[in-house]
Amino acid sequence: MRIELPECVVRPWKKTDLESLVRYANNRNVWRNLRDRFPHPYTRQDGRWWLDHAAVSDAQTNFAIEVEGEAAGGIGFVIGEDVHRRTAEIGYWLGEQFWGRGIASAALIAMSDYAFKTHDLVRIYAGVFSWNPASMRVLEKAGYIQEAVLRSSVLKDGEILDQHLYANVRNP
């Protein structure tokens with residue numbers, strides 16, 4: 001899968017992405033907006049692990065966001081199980097120097113369309129920490145609607161935060 005957009009390219013991760021992956025992922029401001037399983041500092045070993053993991057995934061649900069010829073971020077989704085099997089959680093990150101250029105919104109729109117079409121989903125959702133209104137705007141630009149605020153539901157960087165739940169729903 002490769003989606004070429006005016007702002008970026010959404011494509012599978014490649015082993016040759018290691019240097020750019022580590023360069024853009026090793027950023028505290030990026031890490032603060034992601035789950036703790038996204039390490040900080042982000043090392044070459046972390047990057048190698050991620051690229052190995054992405055290479056063996058059969059489901060094609062994790063992709064690089066390529067900007068100006070290099071992997072500058074990532075986007076992917078996790079499909080639910082059991083009664084949630086037609087639902088997925090989506091997540092994304094982008095190197096800080098690319099923020100505010102519409103890249104994340106474009107990638108999210110493309111990835112959401114891809115996920116709905118290729119995985120027979122009816123709902124895709126994302127959680128955003130309360131200190132990240134820019135990501136809330138990205139979701140809104142991509143057609144996601146805020147459904148809830150989960151009060152005091154996240155512990156990140158030593159702070160208890162609210163999490164804003166957004167979803168995009170398509171009729172079955």
Side-chain angles (χ1 to χ4, degrees), residues 5 7-8 10 13 20-43 46-47 49-50 53-54 61-67 71-116 119 121-171:
L5 305 165
E7 303 83 357
C8 63
V10 178
W13 287 98
S20 61
L21 168 60
V22 172
R23 181 170 55 256
Y24 296 118
N26 189 28
N27 178 309
R28 189 173 193 288
N29 292 328
V30 169
W31 168 82
R32 277 183 44 106
N33 295 309
L34 301 172
R35 293 193 178 175
D36 285 344
R37 67 179 168 225
F38 190 97
H40 183 72
Y42 198 100
T43 66
D46 297 319
W49 180 90
W50 174 251
H53 170 76
T61 59
N62 289 298
F63 300 93
I65 301 173
E66 180 181 305
V67 182
I75 190 164
F77 54 96
V78 177
I79 299 170
E81 298 178 354
D82 194 28
V83 297
H84 301 286
R85 63 187 167 271
R86 294 191 67 198
T87 298
E89 181 178 13
I90 199 161
Y92 50 88
W93 67 272
L94 190 62
E96 186 174 12
Q97 77 182 65
F98 301 104
W99 293 359
R101 293 173 38 185
I103 295 165
S105 296
L108 181 59
I109 291 167
M111 181 56 57
S112 298
D113 288 342
Y114 168 82
F116 277 121
H119 294 280
L121 299 173
V122 296
R123 174 184 170 82
I124 304 173
Y125 69 94
V128 181
F129 304 154
S130 57
W131 62 35
N132 192 359
S135 191
M136 294 177 206
R137 285 191 301 278
V138 165
L139 286 157
E140 289 164 359
K141 288 180 190 176
Y144 286 69
I145 295 174
Q146 182 173 301
E147 293 185 331
V149 176
L150 308 176
R151 297 179 315 135
S152 298
S153 64
V154 174
L155 171 62
K156 181 66 181 186
D157 201 17
E159 291 186 46
I160 300 290
L161 302 169
D162 293 347
Q163 184 178 33
H164 296 248
L165 184 63
Y166 283 78
N168 188 339
V169 177
R170 305 258 169 106
N171 292 325

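- Rounded to the nearest 0.5 angstrom, Leu161 CG and Ser152 OG are separated by 8.5 Å.
- Considering all non-hydrogen atoms of both residues, Ile79 and Arg85 come closest at CG2-O, 3.6 Å.
- Tyr125 and Tyr144 have their aromatic ring centers separated by at least 6.0 angstrom.
- Listed here is the closest heavy atom pair of Leu5 and Ala106: CD1-O, 3.6 Å.
- For the pair Gln146/Leu165, no side-chain contact is recorded, criterion being any heavy-atom separation below 4.5 Å from C-beta on.
- For Arg101 and Glu96, the salt-bridge test fails: no basic side-chain N is under 4.0 Å from an acidic carboxylate O.
- Expressed to the nearest 0.5 Å, how far CZ of Arg151 lies from CD1 of Ile160 amounts to 13.5 Å.
- Counting heavy atoms from C-beta on, the side chains of Val10 and Ile75 come closer than 4.5 Å.
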After noting the C-alpha distance and the side-chain angles of Thr43 and Val22, does the key distance pass the side-chain contact (heavy atoms from CB on, under 4.5 Å) rule? CA-CA 6 Å; Thr43 66; Val22 172; over 6 Å; no

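- Distance check: Leu108 CG to Ile103 CD1 gives 13.5 Å after rounding to the nearest 0.5 Å.
- Aromatic ring centres of Tyr24 and Tyr42: separated by at least 6.0 Å.
- Counting only heavy atoms from C-beta outward, the side chains of Tyr114 and Ile109 never approach each other to under 4.5 Å.
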Let me see the working for Glu66 and Cys8 under side-chain contact (heavy atoms from CB on, under 4.5 Å), right down to the final yes or no. CA-CA 6 Å; Glu66 180 181 305; Cys8 63; 5.9 Å; no

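- Looking at Asp113 and Arg170, a side-chain N of the basic residue comes within less than 4.0 Å of a carboxylate O on the acidic one, giving a salt bridge.
- When all heavy atoms are compared, the tightest approach of Ile65 to Gly74 is CD1-O, 3.7 Å.
- Using a 4.5 Å heavy-atom cutoff, the side chains of Met111 and Phe77 are in contact.
- With Phe38 as reference, Trp93 is the one residue of Trp93, Trp49, Trp31 to meet the ring-ring contact (aromatic ring centres under 6.0 Å, His included) rule.
- Residues forming a salt bridge (Lys or Arg N to Asp or Glu O under 4.0 Å) with Asp157 (at least two apart in sequence, or on another chain): Arg28, Arg32.
- Look at Glu147 and Arg123 and you find a salt bridge, because one of the NZ, NE, NH1 or NH2 atoms lies within 4.0 Å of a carboxylate O, short of that distance.
- For Phe129 and His164, the ring centers sit 6.0 Å or farther from each other.
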Passes side-chain contact (heavy atoms from CB on, under 4.5 Å), Asp36 versus Lys156? Steps please. CA-CA 8 Å; Asp36 285 344; Lys156 181 66 181 186; 2.7 Å; yes

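- When the shell of 6.0 Å around CD1 of Ile145 is examined, it contains 12 or fewer heavy atoms from other residues, nucleotides or ligands.
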With side-chain contact (heavy atoms from CB on, under 4.5 Å) as the criterion, how do Leu139 and Tyr92 come out once you've worked through the C-alpha distance, each side chain's angles and the decisive distance to 0.1 Å? CA-CA 10 Å; Leu139 286 157; Tyr92 50 88; 3.4 Å; yes

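- Judged by distance alone, the side chains of Asn62 and Trp50 never bring a donor and an acceptor atom under 3.5 Å apart.
- Between Trp99 and Asn29 there is a side-chain heavy-atom pair separated by less than 4.5 Å.
- Residue Ser135 comes nearest to Val128 through the heavy atom pair CB-CG1, 3.8 Å, listed as atom of the first residue, atom of the second, then distance.
- For the pair Ser20 (side chain) and Ala71 (backbone), a donor-acceptor distance under 3.5 Å is present.
- Of the possible polar contacts, one joining the Trp13 side chain to the Phe63 backbone as a donor-acceptor pair under 3.5 Å is found.
- Listed here is the closest heavy atom pair of Lys141 and Ser105: CD-OG, 3.5 Å.
- Heavy-atom minimum distance, Ala115 versus Ile124: CB-CD1, 3.8 Å.
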